[in-house]
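All remarks here apply to the structure that follows.
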Amino acid sequence: MEQKYSPKSIETKWQKYWDDSRVFEVREDPDKEKYYLLEMFPYPSGRIHMGHVRNYTIGDVVARFMRMRGYNVLHPMGWDAFGMPAENAAIKAGTHPARWTFDNIDYMRNQLKQLGFSYDWSREIATCTPQYYRWEQLFFLKMYEKGLAYRKSSYVNWCSTCGTVLANEQVENGVCWRCDTPVVQKEMEQWFFRITHYVDELLENTLKLPGWPERVLTMQQNWIGRSTGSRVCFPLETGEGNIQVFTTRADTLFGATFLSLAAEHPLVPDLCRGKPGEAAVLDFIQKAKQSKRNEREADLLEKEGVFTGGYCINPVTGKKMPVYVANFVLMAYGTGAVMAVPAHDQRDFEFAKKYDLPIDVVIKPAGAQHPPRASELAGADEEYGILVDSAEFTGMDSETARVAITEALAKKGLAELTVQHRLRDWGISRQRYWGAPIPMVYCEKCGVVPVPEKDLPVELPLDVELLENGGSPLPVHKPFYSTRCPQCGAEARRETDTMDTFVESSWYFARYSCPDFDKGPLARQKVKYWMPVDQYIGGIEHAVLHLLYSRFFVKVLRDLGYLEVDEPFQNLLTQGMVIKDGFKMSKSKGNVVDPDVMIKTYGADTVRLFCLFAAPPEKDLDWSDQGVEGSFRFLSRLWRLVWENIDTLKNAPSFDGDDLSSDLAALRRKTHQTIKKVTEDIRERFHFNTAIAAVMELVNLTYQVLENRGDHPMFLAVVREAVEAVVVALSPMAPHICEELWQAMGHEKILLDTPWPTWDEGALKAEEILIVVQVNGKLRSRLSVPADATDAQIEQISLSDPRVGEFMGGKQPRKVVVVPKKLINIVV
RNA sequence: GCCUGGGUGGUGGAAUAGGUAGACACAAGGGACUUAAAAUCCCUUGGGGCUUGCCCCCGUGCGGGUUCGAUUCCCGCCCCAGGCACCA
């Protein structure tokens with residue numbers, strides 16, 4: 001054993017050992033309980049960053065801990081290897097995206113190995129290989145057969161910088177999630193996955209995921225945005241046709257005085273045709289269409305509209321209602337048409353004021369005698385209340401009336417109760433090269449034809465010239481797009497769009513159970529053994545992207561018969577960001593800390609320890625160079641503790657249950673308390689910071705006891721027990737140094753294969769315990785009493801304490817509260 | 001506007017079932033060892049007070065409340081972060 005702690009050599013030594021002996025490779029074992037631990041796999045962008053280090057360190061601690069506790073732990077790693085940065089980098093550097101990607105993977109794999117993570121590398125996946133994406137193409141075909149993948153023309157989000165469309169989830173505040181370019185609307189033919197088919201299950205199951213953070217579930221619930229209401233028909237004045245409206249407030253129907261349509265509503269051209277204002281209407285539509293998504297301050301945008309010239313009939317009052325086009329009505333939600341109730345909807349109120357439209361009050365507050373006068377309203381009253389001026393519904397409360405009015409109209413076929421969702425189908429077409437080809441063919445005669453299963457995979461051609469302008473080369477790469485129609489054999493053209501890369505990450509976790517299986521996407525027995533993922537760990541930024549898509553995909557795969565689980569991830573841990581000097585690490589801020597430099601300077605164990613110690617996992621981690629220094633100092637101190645006592649530790653006897661002196665009993669108690677605390681902190685809360693703090697306390701106490709070395713025969717046994725507890729308890733966090741110390745102390749079996757220690761309840765008990773004495777709720781004294789003292793005895797001892805007497809001021813206790821073995825409060 | 005979190009020393013953070021607020025660490029200051037430095041070790045470190053005591057008072061965003069006792073529970077505010085947002 002070296003005197004000085006030098007991480008470099010011991011880390012290489014153990015990493016080589018783990019690699020050579022393939023200790024982390026696992027297979028299905030029906031006799032062992034499985035534990036599938038997964039961290040979100042990285043995009044191979046070049047090098048790993050501190051966020052990855054933190055994410056994977058957290059996962060590694062759990063994996064190693066569970067392994068030592070006897071579980072059959074699956075802990076795989078791979079690469080989310082399709083994506084735009086590869087194309088951009090390749091154009092810039094004059095290389096090929098594949099080359100760039102695989103080079104990065106090699107570099108990053110090496111970085112991960114240097115951090116000592118316990119991955120089963122035999123299961124490594126790269127999603128850009130045909131062995132992986134061919135199955136995704138198969139899923140696409142099966143989904144197409146079931147109508148879960150379909151093609152339609154619609155307005156889609158277009159990012160001009162990325163040169164491709166984006167799903168709704170990938171637009172954040174009107175800008176592209178990747179490059180912050182304002183997103184515009186473009187009408188295009190696109191492939192969609194019918195995620196809305198699973199909307200109810202996706203929503204309901206959020207209640208069946210107790211192992212997920214509340215806020216992630218709320219975000220998904222918000223995103224799905226279920227609202228219950230009614231669909232109501234407003235017949236056109238002409239007697240031909242009607243306008244359908246979705247409303248959550250059918251109780252206010254008697255107050256509906258006009259209708260507002262979205263600019264894109266298909267009836268608008270008909271309504272204004274030949275009317276005096278036609279030109280003005282068409283002009284308004286043009287302007288409205290241009291300013292959608294990227295209007296960030298939607299709130300500030302003034303409500304504007306124009307009269308179409310057409311009228312509807314209110315189905316309950318029979319009154320004529322003018323039909324307007326309004327800039328705040330969205331075609332994408334509901335039916336693209338809104339019944340306007342200015343007295344009870346703020347937007348309609350503002351609109352009515354502006355264009356001088358009638359305002360009819362039909363709801364009064366629950367306690368009020370009379371409803372307010374319409375002319376005196378300063379704003380809409382959107383609260384539920386009691387109906388007024390609503391024919392036979394007058395006097396009903398809003399909630400009852402909402403249903404009653406809908407049902408009354410339903411008898412005439414003019415309304416029904418319905419549910420609306422904010423969630424839209426997932427647009428997966430991307431006009432990019434570096435992605436999985438969509439296995440479809442366009443034939444002049446046969447139309448859209450799926451590629452037969454036997455012809456899969458549709459391989460992404462690697463011999464392409466990338467285009468300077470960044471566009472996809474596939475539409476101009478004849479060997480790829482030129483094909484024969486699978487149906488009629490005529491010349492045909494392949495789909496040249498590729499799939500959203502979120503499709504790959506929606507099922508990779510299942511593929512890890514059988515990465516090399518080539519008879520199908522998933523080997524039934526293996527998937528059944530390993531799925532679902534027991535613990536998933538990753539960043540919060542995927543709350544409604546990857547995590548929602550994966551939940552959807554698992555349901556699809558289940559219904560296609562490939563999987564038997566309903567949900568992919570039993571438990572989810574979302575770790576915070578790594579920040580420095582108050583900002584997220586980024587090149588532009590110049591506050592990036594390079595993991596390679598840190599590992600080189602301090603070793604992987606120090607870097608890992610710091611990531612775990614500086615904050616609990618769900619909080620942001622403030623990177624501090626001095627903090628890292630501190631972690632290194634602690635590991636050096638631990639090294640010294642063993643080195644300075646190596647011979648005595650090696651030859652120390654085992655503890656045989658003798659009576660101990662008080663300081664030895666205290667050390668032994670601390671040892672077992674620490675084992676208990678570390679076990680519970682990891683198992684129940686993933687609070688590694690407090691677990692490490694507990695180990696530090698044990699190290700400090702061990703040093704103290706060694707300082708005042710007595711001549712008790714069990715001295716060395718107790719010290720040895722303490723040091724071993726430190727090394728074992730710390731080993732999931734700092735595995736290299738702990739293996740090394742374990743070996744140095746004379747153990748033949750490696751620490752990793754040593755069962756996680758249990759604590760001795762007997763050792764936790766002290767003979768004397770500290771009782772806190774309060775008088776009138778204020779701390780006045782601390783007393784040491786025998787551990788078996790009864791409440792009455794504690795009370796008696798406390799009352800006889802001179803300090804207590806002083807604060808009682810000679811008065812008699814009015815009440816005495818005793819918390820057993822902890823505290824007594826004397827009230828006078 | 002709505003929905004989640006969160007606000008504790010100079011800093012990161014502890015306090016897990018209402019029971020000693022500030023564990024553990026960083027930083028700072030003082031000291032020991034050394035010719036000197038590094039490393040290491042020891043002491044002090046929320047604020048205030050004096051009678052310097054293992055003392056007293058105050059203190060967990062603010063104001064109330066419940067309780068023998070509140071960082072923890074309840075009510076009303078303020079501030080910060082994240083999500084959703086003209087969603088009918």
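Chain naming here is simple, since letters A, B, ... match the order of the sequence lines and numbering starts at 1 in each. Everything numeric in this text was worked out from a predicted model, so none of it was measured.
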Across the strands shown, which category fits [X] at heavy-atom distances under 4.0 angstrom: base, sugar-phosphate, nothing?
| X | result |
| --- | --- |
| Phe634(A) | nothing |
| Arg424(A) | nothing |
| Asp348(A) | nothing |
| Pro213(A) | nothing |
| Asn689(A) | sugar-phosphate |
| Leu770(A) | base |
| Val827(A) | sugar-phosphate |
| Gly630(A) | sugar-phosphate |
| Phe610(A) | nothing |

Integer-rounded Å distance: [N] [atom2] and [X] [atom1]:
| X | N | atom1 | atom2 | result |
| --- | --- | --- | --- | --- |
| Lys822(A) | U16(B) | NZ | C1' | 10 Å |
| Leu635(A) | C24(B) | CG | P | 18 Å |
| Phe328(A) | C86(B) | CZ | P | 12 Å |
| His344(A) | C86(B) | NE2 | P | 23 Å |
| Lys353(A) | C86(B) | NZ | C1' | 20 Å |

Of the nucleotides [options], which one has an atom closest to the side chain of [X]?
| X | options | value |
| --- | --- | --- |
| Lys619(A) | G19(B), G13(B), U4(B) | G13(B) |
| Arg640(A) | C56(B), U40(B), G19(B) | U40(B) |
| Tyr333(A) | C56(B), C87(B), U20(B) | C87(B) |
| Phe246(A) | C84(B), A88(B), A23(B) | A88(B) |
| Val329(A) | C3(B), A88(B), A14(B) | A88(B) |
| Gln774(A) | C24(B), G19(B), U16(B) | G19(B) |
| Arg637(A) | C24(B), C84(B), C41(B) | C41(B) |
| Gln626(A) | A27(B), C56(B), G19(B) | A27(B) |
| Met696(A) | C68(B), A27(B), A25(B) | A25(B) |
| Thr690(A) | U20(B), C86(B), A14(B) | A14(B) |

- [ ] Classify the glycosidic conformation of G9(B) as syn or anti, calling it syn when the angle lies within 90° of 0.
- [x]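 Base orientation relative to the sugar is syn.
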
Task: Where Ala256(A) and Met321(A) come nearest, the two heavy atoms and their spacing - done: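 Heavy-atom minimum between the residues: O-CE, 3.6 Å.
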
Short side-chain N/O contact from [X] to OP1 or OP2 of [N], under 4.0 Å:
| X | N | result |
| --- | --- | --- |
| Arg633(A) | C26(B) | yes |
| Ser227(A) | A88(B) | yes |
| Lys778(A) | C58(B) | yes |
| Arg685(A) | A15(B) | yes |
| Asn700(A) | A25(B) | yes |
| Arg803(A) | C54(B) | no |

Open item on the list: Give me the distance, rounded to whole Å, that separates C58(B) from A21(B) when you measure between the P atoms they each carry.
Closed with: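 Result for the P pair: 12 Å, nearest Å.
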
Open item on the list: Quiz question: going by heavy-atom distance under 3.5 Å, is there a donor-acceptor pair between the base of C68(B) and the side chain of Lys815(A)?
Closed with: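 Absent.
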
TODO: Check if the side chain of Asn222(A) and the base of C84(B) share a donor-acceptor pair of N or O atoms closer than 3.5 Å.
DONE: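 Answer no: no donor N or O sits under 3.5 Å from an acceptor.
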
- [ ] Please check if the distance between the ring centroids of Phe351(A) and Phe258(A) is under 6.0 Å.
- [x]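 Yes, close enough.
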
Task: Phe610(A) ring center near Trp623(A) ring center (under 6.0 Å) - done: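 Centroid separation for Phe610(A) and Trp623(A): below 6.0 Å.
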
Where the side chain of [X] meets the backbone of [Y], is there a donor-acceptor pair that is under 3.5 Å apart?
| X | Y | value |
| --- | --- | --- |
| Trp212(A) | Leu207(A) | no |
| Arg422(A) | Tyr333(A) | no |
| Thr57(A) | Arg608(A) | no |

Open item on the list: Could you check whether Arg803(A) pairs with Asp801(A) (Lys NZ or Arg NE/NH1/NH2 to Asp/Glu carboxylate O, under 4.0 Å)?
Closed with: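 Here Arg803(A) does not pair with Asp801(A) in a salt bridge, since their nearest N and O are not under 4.0 Å apart.
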
Task: Ion pair Arg226(A)/Asp200(A), N-O distance below 4.0 Å - done: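 Asp200(A) and Arg226(A): salt-bridged.
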
Open item on the list: Is there a side-chain contact between Arg249(A) and Tyr384(A) in this structure, where contact means two heavy atoms from C-beta onward sitting under 4.5 Å apart?
Closed with: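 Counting from C-beta outward, Arg249(A) and Tyr384(A) do come under 4.5 Å.
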
Task: Base-pair map of RNA chain B as dot-bracket, where | denotes pairing with a different strand and pairs are Watson-Crick or G-U under 3.5 Å - done: (((((((..(((......[....))).(((((.......))))).(((((..).))))..(((((..]....))))))))))))....

Open item on the list: Working to the nearest 0.5 angstrom, can you tell me the gap between Phe65(A) CZ and Thr679(A) OG1?
Closed with: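 If we round to the nearest 0.5 Å, Phe65(A):CZ and Thr679(A):OG1 are 5.5 Å apart.
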
